[in-house]
Amino acid sequence: MIDRYSRQILFPEIGKEGQKRLGNSSVVIIGCGGLGTIIATSLVRAGVGKVKIIDRDFIEYHNLQRQVLFDEEDIKSQLPKAIAAERHLKKVNSSVEIEGVIADVHYANIERLVTGADLILDGLDNLETRFLINDVSLKHKIPWVYGGAIAASGMTMNIIPGEPPCFRCVFPSLSPPGVIPTCDTVGVISPAPFITGSLQSTEAMKIMIGAKEINRDMIVIDVWEGTFHRFKISPRPDCPACQGKYEFLQRQFGIRTTILCGQNAVQVLDPKVEGISLKELAAYLKSSGEVSYDESTLRFTADNHEMVIFPDGRLILKNSLDESLARELYVKYIRT
Ligand SMILES: [Zn+2]
């Protein structure tokens, strides 16, 4: 085992003691896409004791361009990402306890899913679940490493419970729909998640071995421009999460779905959204599907899913009773 990690042990900041600490650590990676596959690969190879990988999706062809753990065989076998990741990584390092979990992380299951972890790593593509991670991290005193990548850029930051700033000090609340671009709208090139995920893995190792030089800045990279910036983040005195108010965990801002009886439709409602501009939303959605709108409703069809959106932010998914699909479409297209 020492031989397997010899190059890493030679690196003085890690050494034998650091290696032992990595082996005694347990991490949870939430989201196994562009970032998650890079993080999982490097931490399993580094010999972290336990690695839990949580993801809700199946692999699609457009994932292969950047999600390094998956291949065409996985798609033919219709494997969920969590399971494909577990299978591939067990072949890489059989001494690591690897657990793939197929789940959509939400307010009701996140505390159970992170129980026993020393560290949480963010491999997500949506803001809402990050607020949830932030709440659970501060509440249960488990540090987490935020990461996001889109187009040619990426961001990462460490959140250490009891040592502000936290994620909500940086992003006080969810953005209105259509403001934040996503991979579905502006795309992504693979080096952006590769480098961002690598930075997250580095910070994760530092936190696990108890290194002194834990980075507390927000790091922002642009692989196309070749730039790397660090931004000092100040704690926000009125940050609810830092004051122990875990609003996302308590579901004050959660998305609610309701089956509309007799209509064969599901309604999705986000109490946090106060109102949206259908005109702006139409402009945002037009590259993703068919859109038409007037002052009271916006009709949007993508991948054969027919949706109606109202100015109060409500979405109705027609010809379906699938609440989790409706929720997913809402997060994908309306609130990102
Ligand atoms: Zn805070």
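Whatever order the structure lists them in is the order used to number ligands and atoms, beginning at 1.
In this structure, CZ on F248 lies 9.5 Å from CZ on F167, to the nearest 0.5 angstrom.
Using a cutoff of 4.0 Å between basic side-chain nitrogens and carboxylate oxygens, E328 and K332 are not scored as salt-bridged. K90 has a carboxylate O that lies under 4.0 Å from a charged side-chain N of E86, or vice versa, which qualifies the two as a salt bridge.
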Side-chain atoms of residues 203-215: list all donor-acceptor pairs with protein atoms under 3.5 Å, sequence neighbours left out, distances to 0.1 Å.
| from | atom 1 | to | atom 2 | distance (Å) |
| --- | --- | --- | --- | --- |
| E203 | OE1 | N158 | ND2 | 2.7 |
| E203 | OE1 | K206 | NZ | 3.4 |
| E203 | OE1 | N215 | N | 3.4 |
| E203 | OE2 | K206 | NZ | 3.1 |
| K206 | NZ | E213 | O | 3.1 |
| N215 | OD1 | D217 | N | 3.2 |
| N215 | OD1 | R230 | NH2 | 2.4 |
| N215 | ND2 | D217 | O | 3.2 |

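Only protein N, O or S atoms were considered, and those under 2.8 Å from the Zn ion (ligand 1) are C166 SG, C169 SG, C239 SG, C242 SG.
Applying the side chain to side chain donor-acceptor pair (under 3.5 Å) test to pairs two or more places apart or on separate chains, those with a residue in residues 33-53 are S42-S201. Pairs of residues two or more places apart, or lying in two chains, that qualify as ring pair (Phe, Tyr, Trp, His ring centres under 6.0 Å) and include a residue from residues 289-325 are F300-Y333.
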